[in-house]
Every structure is written in C-alpha cells, then in structure tokens.
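Okay, structure first, notes after.
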Amino acid sequence: MEEEVQEIERTPRSPAELMTIVEALVFVADEPVNSRVLADVLDEDRGAIEAAMEELAKEYEAREGGLQIRSIAGGWQIATRTELHEEVRKFLKTRPSAKLSLASLETLAVIAYKQPVTVPEILEIRGVQSATSIKTLLDKRLIVAKGRKEAVGRPMMYGTSKDFLIQFGLRDLTELPSIEDFEDLVS
Amino acid sequence: MEEEVQEIERTPRSPAELMTIVEALVFVADEPVNSRVLADVLDEDRGAIEAAMEELAKEYEAREGGLQIRSIAGGWQIATRTELHEEVRKFLKTRPSAKLSLASLETLAVIAYKQPVTVPEILEIRGVQSATSIKTLLDKRLIVAKGRKEAVGRPMMYGTSKDFLIQFGLRDLTELPSIEDFEDLVS
Amino acid sequence: MIHLCDPFEINYKFTITNYEFKKVQETSEQYNFDFHRETAEIVRDGSEELKIKIGEFAGPLDLLLFLIKQEQANIFDIPIAKITQTYLEYIQMMKKLDIAVAADFLVMAATLIEIKSKMLLPRDPKAIGEDEEFDDPRQELVDRLMEYEKFKSAAGMLYERSTIEQAIFTRGPIESDENNAEVDASVFDLLTVFQKIAARHVDEIKMEIEREEISLADMIKSLKARIFEFGEINLLEFFEEMRSKRELVTAFVAVLEIVRTETVRLLQKTTFGDIVLKKV
C-alpha cells in the first residue's frame with residue numbers, strides 16, 4: 001500500500017536519500033555508471049545526481065575505509081583503496097597481470113594521441129612495423145576500429161576504447177597530458 | 001625487498017586498520033567470506049576478524065547508506081539495502097543494452113557479412129536455430145527486414161540497420177573490417 | 001629464428017662479452033618489465049670488449065636515441081659518423097647472434113649511411129649563410145627522433161598509470177550480474193566471430209561430402225522395407241536419424257511419397273502424440 005502511494009505522488013528525495021540510492025546503484029552496476037543514466041532511472045535532475053555522487057565520494061574519502069568512489073571512463077565506480085592492494089591480491093591469489101610490452105605501450109601511446117590513426121601513420125612515427133602490437137591491443141580491447149580513412153587503400157583507422165579509459169584510470173581522453181608536455185623532457 | 005621486510009616484522013594491525021582491510025576483501029570476494037578464510041589470509045586471530053566484521057556491520061547500519069553488511073551462508077557479504085530494492089530493480093532493468101550474447105553476436109556477424117540473408121540461410125551457416133537471436137537483434141534495432149526472397153516459401157531477408165552502423169561506429173557497410181584487414185595484422 | 005621487429009614481445013636478454021653470449025632469459029607472451037629500469041645497455045669498456053644487452057629496443061628510432069644518449073651527444077648536432085658506426089656494429093652483432101634483423105632496422109641503417117655521405121659532400125658555397133641549417137641532411141632524422149621521443153615518454157606515462165590501476169580492484173560478482181552474462185562487441189569481434197563460424201562450417205561441409213548422399217529413391221526403398229518389416233514406424237524417431245538437413249528433406253518427401261502411393265497411413269494415436277506410419 002505504502003509503495004503505491006509513494007509511486008503516485010512521490011515526495012522529492014532529500015540529498016541524503018539520493019546519496020543512499022546512488023550508492024546502491026553504483027554498487028550493483030558492473031561497470032562505471034554515467035550520472036545521466038542514474039538521472040534517467042531515478043527521474044532526477046542530472047545536477048542533483050552529480051552533487052550526490054560528489055558528496056558520496058567525499059564521505060568515502062573522509063571515512064578512510066577500505067573503499068573509494070572513483071570517477072572513471074565517464075562514470076562512477078566503487079573500488080578498493082590503492083593502499084590495500086597487497087592484502088587484496090593475497091586474498092584473491094592474483095598476481096599483477098602481464099603488462100603490455102614496450103612496443104605495445106608505444107603503439108598505444110601513438111593511437112591515444114593521434115586517433116583516429118592508421119597503421120601506416122603509426123609506422124611513420126614509431127619507425128617500425130606495429131602489426132603485432134595492434135593485434136595485442138585489439139585482443140585486449142584497449143583499441144577499436146574507427147572506420148576507414150579516405151585515402152589510397154582505405155586503411156582501417158584505430159582509436160582507444162572505453163576499456164582503455166578504465167584500465168588506465170582516466171575519466172576521459174582530455175585527462176591525458178598534452179603530447180606537447182612531453183617535449184620538454186626530450187631536450 | 002621491501003615486501004620481505006614487511007612480511008617479517010609486520011606491526012600488529014589496529015582494529016580500525018583491520019576493519020578497513022576486511023571491508024576491501026569482502027567487497028572483492030565472489031561469494032560470502034568466512035571469517036576463518038580472512039583470518040588465514042591476513043594471519044590474524046579469528047576473533048579479531050569477527051570483531052572487525054561486527055564493528056563494520058554496525059558502522060554500515062549506523063551510516064544508513066545504500067549498502068549493508070550481511071552475514072549469510074556462514075560468511076560476510078556486502079549488498080544493497082533491502083529497502084532500495086525497487087530502485088535497484090528498476091536500474092538493472094534499464095541498463096543500457098549495448099551488450100549482446102554470443103549467440104546474438106554470431107547471428108549479427110552472419111547478417112552483417114552475408115546480408116541480405118534469410119533465416120534458413122543463417123541456420124545453414126551457423127548450424128543452429130537463430131530465431132531468439134534474430135528477435136533480440138530486431139528488438140535492439142540492430143537488424144531490419146529487407147523484403148522477401150524470391151524462393152520457396154518466400155522467406156524474409158534481413159540486413160543490418162542504421163542503428164547498427166551507429167553502435168559499431170561505422171559510416172557505411174564498406175567500413176566493416178574485411179578478412180584482409182585482419183590478415184594484415186596476424187601475418 | 002628470433003625476429004627483432006618486436007623485441008619486447010619476445011623478451012630476449014643477452015649479455016655479450018668478447019662476442020660470446022649467454023642467453024639470460026627467454027620467455028614468450030609474458031612480459032613483466034620495469035619501464036625505467038630495464039632499458040637496453042651497450043657498454044664499451046676500454047679494450048675491444050663490447051658488452052651488449054639487446055632485444056629491448058622497440059625499434060630503430062629507439063635504438064638510435066639510445067646510442068645518441070650513450071655518446072652523450074646533442075640531438076641537434078648528432079655525430080653522424082660515430083653514431084652510424086655504432087649502429088652498424090649493433091646490427092652486425094645481431095647477425096652474429098643469428099637474430100633476424102627486422103627490415104626496419106636495415107632501412108634506418110641505409111638512411112644513416114646516406115646522411116653520412118651527404119655530410120661528406122662539399123657544401124654549396126652559395127648555401128652557406130642563412131640557409132645553412134635548412135640544408136642539414138640530419139634535419140629530417142632529428143625531427144623524427146624528436147617526434148618519436150614524445151610518444152616514447154607518453155608510453156612511460158601510460159606504464160605508470162597502468163601500474164597504479166593494477167592496485168585498484170572492483171567488486172566481486174554479485175547475483176544480479178548473472179542477468180547480464182553478455183559480451184561487449186566491436187566490429188573486430190564481428191569479424192572474428194564470423195571467421196569462426198565460417199571455419200566451423202567448412203568442417204561440417206567436409207563431413208557432409210565424406211558421407212554418401214542418400215537419393216530419394218533409396219530413401220523410399222529403405223523406408224518401405226522397414227514398414228513392411230515392422231508394420232509401423234515412429235516418424236519422429238525416423239526423422240531424428242537423419243544426419244543433415246538435406247537428408248531430412250529427402251526423408252520427408254519419401255514419407256509423403258509413400259503415403260500417396262502405398263497402402264500406408266499416417267496415424268496419431270493421441271492428440272499431440274507421436275505420429276506413426278502404419279501399414280494398412
């Protein structure tokens with residue numbers, strides 16, 4: 001009975017209530033959740049959702065518990081705190097996963113900064129064939145095909161994926177430092 | 001090196017520290033965790049673990065957030081609060097459905113590369129009935145009917161839709177990677 | 001044969017002294033390395049002795065940058081003769097070790113030799129002056145090196161980020177995830193999946209070819225024989241014996257033909273029960 005009444009003339013949710021709800025939803029989601037999705041489901045203002053998430057993140061921060069709220073790949077996510085990695089790894093009996101090779105990392109860097117970019121363009125910058133690396137990056141879902149270039153042979157173009165953002169802890173591509181920033185290091 | 005030293009003369013964990021760690025471990029676990037398992041992994045007294053978990057459960061209770069610590073099937077678990085089940089269910093139902101099952105993906109691949117194609121032809125190629133997948137793909141608007149084939153029974157032909165192009169980031173069908181694109185990478 | 005085109009993917013590490021070498025490590029697939037600590041090393045000490053750790057250059061530009069740093073040379077004023085010599089020594093070493101030198105490394109060697117020879121050419125007196133720098137044969141190489149090094153640094157940044165990310169864990173699976181046991185898809189997944197189906201299909205076709213196709217006449221003959229032997233046949237069971245779609249169709253047509261021409265009837269003993277082909 002009570003629920004029905006609530007459904008018909010729902011009293012506006014208080015900020016505290018909203019925090020409670022978004023915490024539950026971000027928890028059940030199996031990947032970072034965009035505040036727009038949350039706003040749609042809850043029929044709330046996107047700004048209110050963002051505010052609730054920010055507040056929740058602050059609360060987690062202040063609590064200094066085992067978990068943190070992260071803004072990643074355009075969404076929100078609950079994850080363990082970095083400092084606890086040793087215990088977590090011991091518990092899960094996992095070892096740090098194999099890292100990308102130097103060649104694959106370089107290829108990924110070129111794709112991240114030059115996307116959409118073709119295989120010949122990557123060769124131009126790296127000075128070496130990158131097919132193996134591109135295959136690896138596709139297999140690991142770090143890059144995706146981004147259509148074909150209107151050039152001779154219509155080569156495939158590549159760009160980074162959402163998984164790239166997640167695996168490298170980026171909110172979006174603009175969070176990458178500018179490639180020109182690396183110039184200072186060169187000389 | 002550092003790890004080894006830490007391993008040998010680890011300073012005893014404070015109750016607060018322990019709460020932080022067990023929270024992270026229960027969070028990452030794939031099923032309710034027994035305090036004995038936690039005690040073993042952390043090389044702690046089982047009583048200390050039980051106390052930390054009880055304390056954590058109380059804290060969650062007092063916080064009145066979106067999550068709760070539950071003791072279930074002889075172990076501990078983090079779950080959403082029961083009162084929020086309606087919002088949670090609604091959220092889970094409306095999750096953006098850009099995802100496809102493997103069967104649907106196979107059917108979509110056949111349709112994408114062989115279009116326009118009929119249901120019997122898809123059966124011929126996949127070797128299994130694809131009716132459910134075709135329904136899913138139609139529901140997700142990834143495929144559309146493309147008229148009937150001039151053959152016995154005049155079966156319906158299917159092809160990919162405009163939404164398919166959008167979802168897979170293609171400008172037109174010629175942008176679909178070809179077998180040759182792939183061979184370039186594996187050679 | 002070891003290919004150097006992607007040295008890290010092979011993770012070879014050699015230590016060479018007096019052109020004798022010892023294979024230190026050989027693993028495939030797995031590569032756990034420290035981006036900063038494990039850079040390649042070429043050590044020249046006094047005598048003719050040359051110590052090299054190879055296999056850790058991501059490409060010719062990487063090797064070249066390394067050699068320039070090794071010589072403590074200014075990137076804007078590369079001692080091209082010396083660098084070319086060391087570069088060629090390195091390539092020689094590869095060949096001695098029976099390592100297939102990737103074409104890209106040889107292309108760079110050719111470029112270096114070309115630049116070196118251009119540097120030896122007497123300069124056009126008219127060009128000396130404001131245009132001098134413009135004509136420097138090394139310029140293009142310097143530009144490429146500078147451009148490449150930015151991305152090499154960016155790769156280092158990505159390495160750092162992934163290391164930090166590896167210390168962060170997301171929640172374990174929960175009940176509701178199971179409703180969502182589905183896969184994300186990209187166009188490459190489509191292609192891979194399609195190739196797999198095609199491969200599967202080829203196997204099946206092969207199997208079908210290996211089997212002898214039963215003609216309609218043979219099918220009718222064997223069906224008749226069975227009916228007269230047993231008096232009746234369960235149709236569902238009969239159809240389930242068919243091994244391909246084509247056989248199934250043949251069997252179906254055979255049944256229709258027999259019902260039309262012979263004294264047999266189709267019977268369904270109960271509603272929704274099995275259909276039986278029975279001799280009248």
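Predicted, not measured: the structure shown is a model, and the values here were computed from it. In what follows, chains are A, B, ... by sequence order, proteins preceding strands, each numbered from 1.
The local environment of CD in E61(A) is sparse, with at most 12 non-hydrogen atoms from other residues, nucleotides or ligands closer than 6.0 Å. Heavy atoms of other residues, nucleotides or ligands lying less than 6.0 angstrom from CZ of R46(A) number more than 12. The environment of NZ in K114(B) is sparse: at most 12 heavy-atom neighbours from other residues, nucleotides or ligands sit within 6.0 Å. Other residues, nucleotides and ligands contribute at most 12 non-hydrogen atoms within 6.0 Å of the NZ atom of K149(B).
Of the atoms belonging to V33(B), it is side-chain heavy atoms, and not backbone ones, that fall under 4.5 Å from chain A. Interface remark: F27(A) contributes side-chain atoms only to the contact with chain B (heavy atom separation under 4.5 Å). Contacts of V37(B) with chain A are made by side-chain atoms alone, with heavy-atom separations under 4.5 Å and no backbone atom involved. Only the side chain of L84(A) comes within contact range of chain B, judged by heavy atoms closer than 4.5 Å. In this structure, chain B has a heavy atom under 4.5 Å from the backbone of E64(A), while its side chain stays farther away. Contact of L92(A) with chain B is made through the side chain alone, with heavy-atom distances under 4.5 Å.
Near-neighbour residues of residues 70-79 of chain A relative to chain B, defined by a heavy atom under 4.5 Å from a heavy atom of that chain, comprise I78(A), A79(A).
Contact check for E175(B) versus M157(A): no side-chain heavy atoms found under the 4.5 Å cut-off.
V88(B) approaches A24(A) most closely through the heavy-atom pair CG2-CB, 4.2 Å.
Annotation: the span from E59(B) atom CD to R63(A) atom CZ amounts to 4.5 Å, rounded to 0.5 Å. Expressed to the nearest 0.5 Å, how far CG of L67(B) lies from CG of L67(A) amounts to 8.5 Å.
Within the 3.5 Å criterion, the main-chain N or O of V41(A) finds a donor-acceptor partner in the side chain of K90(B). A donor-acceptor pair under 3.5 Å is absent between the side-chain atoms of R148(A) and the main chain of L170(B), judged by distance alone.
Counting heavy-atom pairs under 4.5 Å between each of L25(A), T80(A), I21(A), V26(A) and chain B puts L25(A) at the top.
R154(A) and T174(B) share a donor-acceptor pair across their side chains, judged by distance under 3.5 Å alone.
With sequence neighbours excluded, no residue satisfies side-chain hydrogen bond (donor to acceptor under 3.5 Å, both in side chains) with D163(B).
A salt bridge between E23(B) and R81(A) is absent, with no side-chain N of the basic residue lying under 4.0 Å from a carboxylate O of the acidic one.
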**Request:** Before giving the answer on side chain to side chain contact (heavy atoms under 4.5 Å, CB included), spell out for L42(B) and F91(A) the whole-Å C-alpha distance, their side-chain angles and the decisive distance to 0.1 Å.
**Result:** CA-CA 8 Å; L42(B) 299 173; F91(A) 174 68; over 6 Å; no

